[in-house]
Amino acid sequence: MSLGPFGSAGVDSKRQRVVPLPHTNASMKTFTPDSSIASDVIPSANYGDRNKGRVPDMIVLHYTGMPDVEGAIARLCTAGTDVSAHYIVLEDGRIVQTVPEAKRAWHAGVASWAGEEDINSCSIGVEIVNRGHDWGYPEFPLRQTAAVIALCRGIMLRRNVPSHRVLGHSDVAPARKKDPGEKFPWHSLANSGVGHWVQPAPVVRGETLKLGTIGDSVSDLQQALARYGYGLPINGKYDGTTMEVVTAFQRHFRPARVDGVADHSTLTTLQALLASLPEEAKAVAAG
Ligand SMILES: [Zn+2]
């Protein structure tokens, strides 16, 4: 087809962010993408079988945390790095699948949620291209967020993933991870039916629980966080672990202030989340 004088130039000027995808490793067997909106398949060498045939019922969202997209894709696909994810969502909204959903990708590492520790076996891992906290932590572009929403909606429908099991890496590994971080628009996802979220209670002055606090109020907080799914001991001491879990909670659910201090807003938001869990999830949380 012939392009007029404004043809290709007009298109190109609107596509400044397009990044060429690295070539597929010729030795790797390709596969049909599970998601109909995945535009490319770049098979990763890093995956195994899900333990005991565990069927995934969780989605874990990550950011790549690397300065450039080519390096991130190479790391997630090259043998020997021991890391991978099922999907990579680029900044321009393109979705690349790198591990079949039926297989166990290696994205969560040492982690836990709702009493389960083999998070890789029970989840689908989605890497969102973003340089992360160590490289300036840019905002997530709208079209990338829209792609994450569409991808997750499809996975949730196909795999019966409940909203409250769409989580961040920091939720399942609060001591080690910050991703996808406090700039990730969880509220936008929730508006489209992806993820469990409530409007956070406003930050106000008042009493707080913080590092060093001891007592029943701390046990109650730990109990509430554990009921929601976070992995932490209930010992009545606001220790380093408790502070890390509160920080992870804030990154996801109360991003206006991420300081690891359990203020009134944090406690109120946590109670509202627990109260709005579906009944079957509440039963699991209480058990
Ligand atoms: Zn991660």
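Every number for a ligand or one of its atoms is a count from 1 in the order of the listing.
- Comment: Asp179 does not engage Lys177 in a salt bridge, judged by the lack of any side-chain N to carboxylate O separation of less than 4.0 angstrom.
- Tyr230 and Gln222 are not linked by any side-chain donor-acceptor pair at a separation below 3.5 angstrom, with hydrogens and angles left out of the test.
- Contact check on Glu182 versus Arg257 returns no salt bridge, with no Lys/Arg side-chain nitrogen under 4.0 Å from an Asp/Glu carboxylate oxygen.
- Take the Zn ion (ligand 1) and draw a sphere of radius 2.8 Å; the protein N/O/S atoms inside it number 3.
- Placement of Val198 and Leu277 within a single hydrophobic cluster is found when ILVMFWY residues are connected by side-chain heavy-atom separations under 4.5 Å, directly or transitively.
- Taking hydrophobic clusters as Ile, Leu, Val, Met, Phe, Trp and Tyr residues chained together by side-chain heavy-atom distances below 4.5 Å, Leu76 does not share a cluster with Met66.
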Without placing hydrogens or testing angles, list every side-chain donor-acceptor pair under 3.5 Å for residues 208-221, not counting sequence neighbours.
from	atom 1	to	atom 2	distance (Å)
Thr213	OG1	Lys210	N	3.0
Thr213	OG1	Lys210	O	2.7

